[in-house]
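Everything on this sheet refers to the single structure shown next.
It should be emphasised that the depicted structure is a prediction, and the values quoted were computed from it without experimental measurement. Heavy atoms only: backbone and side chains are in, while hydrogens, waters and symmetry mates are out. In listed order, ligands and their atoms are each counted from 1.
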Amino acid sequence: MLVEVFLFAVLVFLLWKTFSKPPGLPPGRWGLPLVGYIPWTNKNFEEQVIDLHQQYGDIFLWRMGTQLMVFLKDYKLVREAYSRFELSDRPNWETFRIFEETTHGIASSNGLFWHNNRRFTMRQLRDLGMGKSSLVGAVQHQALKLRKTLAEVVGTPVMIPHQLHVSVLNVIWHMVASRQFDAEDKKLQEFIKLMEEFVLLSNRMAIKDFLPWLENIMPDFLFKRLIKYHGIIYVKEKFIQYFKEEIEEHKTTLDSDNPRDLIDSYLVEIEAKKDDPETTFSEWELVFILFDMFFAGSETTVNTFTWLCCYLAAHPQVQRKLHAEIDEVLPSGALPTLAEKSRMPYMEAVINETMRACALVNFGLQHVANNDTQLGGYTIPQGTVVNTTVTSVHYDSRYWDRPKEFKPERWLDENGKFSMAKEGFLPFGVGKRVCVGESLARMELFIFTAMVFQSFAIAPPPGKSVNLTPDLSGFFFRKAMPNEFVFTAREQ
Ligand code: HEM
Ligand SMILES: *[C@@H]1O[C@H](CO)[C@@H](O)[C@H](O)[C@H]1NC(C)=O
Ligand SMILES: *[C@@H]1O[C@H](CO)[C@@H](O)[C@H](O)[C@H]1NC(C)=O
Ligand SMILES: *[C@@H]1O[C@H](CO)[C@@H](O)[C@H](O)[C@H]1NC(C)=O
């Protein structure tokens with residue numbers, strides 16, 4: 001009898017040891033092995049995260065399935081975390097690997113491949129945008145197309161036209177492959193459909209990342225159906241085929257001394273490093289860099305501009321000030337270039353305030369600890385995924401006065417001039433993984449906003465108001481709800 005009691009006590013102790021949270025970890029939701037902490041609540045994820053920050057402070061932990069997650073809220077803590085080498089890797093998730101053995105490209109990869117691909121792309125974006133003006137020209141051209149489409153729907157209630165999508169994609173096509181498509185082009189239409197499909201399919205891959213043991217207990221075909229494996233593979237192969245065709249075409253017309261675009265420059269780099277046994281440059285990597293350019297660079301820009309239209313339609317007094325600035329700096333329909341940017345502080349304030357208020361990217365900031373490390377006085381064990389909640393940083397009243405209000409003036413000094421860069425703002429992330437496309441995105445937003453609002457005013461349809469509640473159903477973004485607008489032509 002005594003022996004049984006003793007063994008039982010040992011068992012309880014061991015279970016307690018394995019089930020309980022090791023000391024030194026941040027406070028939060030620990031739960032059970034394999035499944036983690038499952039909340040019984042009808043609050044949505046974002047509301048729960050807000051509650052947990054209120055309960056535990058700037059850093060808390062939540063075991064989800066087998067994955068240990070740490071959530072950060074304070075801007076300074078996030079900045080400190082994401083500047084660390086130990087916290088600059090992406091998690092080794094299927095969501096990032098997409099059924100490759102290892103990751104490729106920039107956004108999903110780690111180590112030397114990430115470093116070299118990122119450096120190459122940053123240099124490309126710098127050369128294309130700043131030095132030579134060809135990219136500015138392409139952005140203007142695409143903004144003109146958008147303006148033409150809007151001119152055709154003046155006075156009638158419409159959603160933001162599909163041409164916005166086409167224009168933004170074309171800027172990227174121009175940058176990577178010196179191509180721009182018409183909206184009616186079959187190839188472009190198919191490309192857009194594939195991108196949408198990929199986004200729809202891809203959220204199921206997270207099942208594999210959070211409940212990896214399911215794969216071992218489920219029949220293979222069922223598991224593959226659950227994570228929509230075949231759909232993903234189909235779309236992925238299609239993209240690879242697109243990009244490979246483009247690369248092949250570039251190879252036949254390449255002039256190494258005059259690279260035309262990103263693909264050309266990368267091909268030159270492959271050639272230059274072909275005798276280096278440690279080279280990371282290959283056509284296969286290039287395919288995934290192209291993937292990244294389209295996936296990181298298009299929906300982000302499209303949704304930010306859509307939010308900007310929503311905020312301007314909802315705030316006529318902001319729009320009036322913007323119109324006044326445009327009319328002063330760009331009289332009689334002059335085309336905006338980067339030279340006017342410094343004379344348009346109100347426009348930049350509107351763009352910044354849009355990015356602060358919409359806090360668009362709510363999924364894209366996961367980093368993983370590649371080693372045990374300390375943060376905010378707690379231990380972050382290797383393998384912990386660190387997630388920042390952009391919303392909580394952008395709505396933190398320690399940094400923002402009345403954060404719920406849309407107020408571009410908060411970015412300017414009392415004379416309406418540029419004031420200092422603000423803390424508590426990270427639409428493009430921060431630290432070693434900060435967005436490589438920030439300057440391109442800002443240039444597009446600047447030129448699109450200037451050219452569209454030079455010609456038009458925007459308002460909700462008569463008797464309606466703009467719905468500014470974010471659509472949280474998507475996995476990657478806090479999109480704007482579908483809103484209708486009426487554009488009217490302006491005299492200049
Ligand atoms: C308004 C538009 C945009 C927003 C709000 C945005 C936001 C972001 C954010 C939040 C990250 C993640 C940072 C992190 O992991 O800590 C990111 C990464 C990235 N973005 Fe953007 N982005 C935008 C436009 C673009 C454009 C136009 C491009 C390129 C053409 C681009 C390319 C990338 C790439 C390649 C990464 C991965 C960087 C890395 O992992 O090292 N983005 N972006
Ligand atoms: C907009 O935000 C950027 C990045 O924080 C900053 O450098 C810039 O000064 C801001 N613009 C204005 C008008 O405050
Ligand atoms: C992890 O950190 C320890 C102690 O700082 C260091 O000795 C070790 O090399 C690190 N491991 C990796 C993979 O960076
Ligand atoms: C990270 O936090 C954001 C904001 O709360 C959330 O939308 C996103 O789904 C989280 N990501 C993961 C993997 O938990």
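- In this structure, His394 and Pro403 have side chains that are not in contact, with every pair of non-hydrogen atoms separated by 4.5 Å or more.
- You'll find the ring centres of Tyr56 and Phe71 outside the 6.0 Å limit.
- Considering backbone and side-chain atoms alike, Asn371 places an N or O below 3.5 Å from some N or O of ligand 3.
- Between the choices Ala441, Gly437, Ala81, Gly429, the shortest heavy-atom distance to atom 28 (C) of ligand 1 belongs to Gly437.
- Between the side chains of Gln374 and Thr379, at least one donor-acceptor pair of N or O atoms lies under 3.5 Å.
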Practice item. Determine, step by step, whether Ser419 and Leu412 satisfy the side chain to side chain contact (heavy atoms under 4.5 Å, CB included) criterion, reporting the C-alpha distance in whole Å, the side-chain angles of both residues, the deciding distance to 0.1 Å, and the verdict. Key: CA-CA 5 Å; Ser419 71; Leu412 304 171; 5.6 Å; no

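- Counting heavy atoms closer than 4.0 Å to ligand 1, residue Arg433 contributes atoms from both its backbone and its side chain.
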Point to revise | Evaluation steps, side chain to side chain contact (heavy atoms under 4.5 Å, CB included), between Glu196 and Ile192 | key: CA-CA 6 Å; Glu196 286 166 358; Ile192 292 178; 3.7 Å; yes

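- In terms of polar-atom proximity, Thr304 is not counted as a contact of ligand 1, lacking any N or O under 3.5 Å from an N or O of the ligand.
- At least one heavy atom of His367 sits less than 4.0 Å from an atom of ligand 1.
- Near Ile106, with a cut-off below 4.0 Å to any heavy atom, the atoms of ligand 1 are 39 (C), 40 (O), 41 (O).
- Heavy atoms of Val436 come nearer than 4.0 angstrom to ligand 1 in at least one pair.
- Close approach of ligand 1 to Gly297 is summarised as follows: ligand atoms under 4.0 Å from at least one heavy atom of the residue are 25 (C), 26 (C), 27 (C), 28 (C).
- Each of Arg398, Arg79, Arg356 was checked for a salt bridge (Lys or Arg N to Asp or Glu O under 4.0 Å) with Glu423, and the lone residue meeting it is Arg79.
- Counting heavy atoms under 4.0 Å from ligand 1, residue Arg90 touches it through the side chain alone.
- Here salt bridge (Lys or Arg N to Asp or Glu O under 4.0 Å) pairs that include residues 441-453, with residues two or more places apart or in two chains, are Glu438-Arg442.
- By the 4.5 Å heavy-atom criterion applied to side chains, Ile160 and Phe487 are counted as neighbours.
- Residues Tyr346 and His323 fail the side-chain proximity criterion, which asks for heavy atoms closer than 4.5 Å.
- Thr279 meets the side-chain hydrogen bond (donor to acceptor under 3.5 Å, both in side chains) test with no other residue; sequence neighbours excluded.
- Within the set Gly105, Cys435, Ser439, the minimum heavy-atom distance to atom 31 (C) of ligand 1 is found for Cys435.
- Closest to atom 3 (C) of ligand 1 by heavy atom, among Asn117, Thr300, Ile289, Val171, is Thr300.
- With a heavy-atom cut-off of 4.0 Å, Glu438 does not touch ligand 1 at all.
- Residue pairs that meet the side-chain hydrogen bond (donor to acceptor under 3.5 Å, both in side chains) test with at least one member in residues 304-321, sequence neighbours left out, are Lys321-Glu409.
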Check your understanding: Does the ring pair (Phe, Tyr, Trp, His ring centres under 6.0 Å) test come out yes or no for Phe418 and Trp411, once each step is laid out?
Key -> CA-CA 7 Å; Phe418 290 95; Trp411 293 91; over 10 Å; no

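- Every atom of ligand 1 is numbered from 1 in the order shown, and the set under 4.0 Å from a heavy atom of Arg118 is 38 (C), 39 (C), 41 (O).
- At a heavy-atom cutoff of 4.0 Å, ligand 1 is contacted by the backbone of Pro427 but not by its side chain.
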Output block, N or O contacts of ligand 2, threshold 3.5 Å exclusive:
residue, atom, partner, partner atom, Å
ligand 2, 2 (O), Asn352, OD1, 3.3
ligand 2, 2 (O), Asn352, ND2, 2.4
ligand 2, 2 (O), Arg442, NH2, 3.4
ligand 2, 11 (N), Glu348, OE2, 2.7
ligand 2, 11 (N), Asn352, ND2, 2.9
ligand 2, 14 (O), Trp411, O, 3.4

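- With ring centers used as reference points, Phe243 lies 6.0 Å or more from Phe288.
- In terms of polar-atom proximity, Trp114 is counted as a contact of ligand 1, with an N or O under 3.5 Å from an N or O of the ligand.
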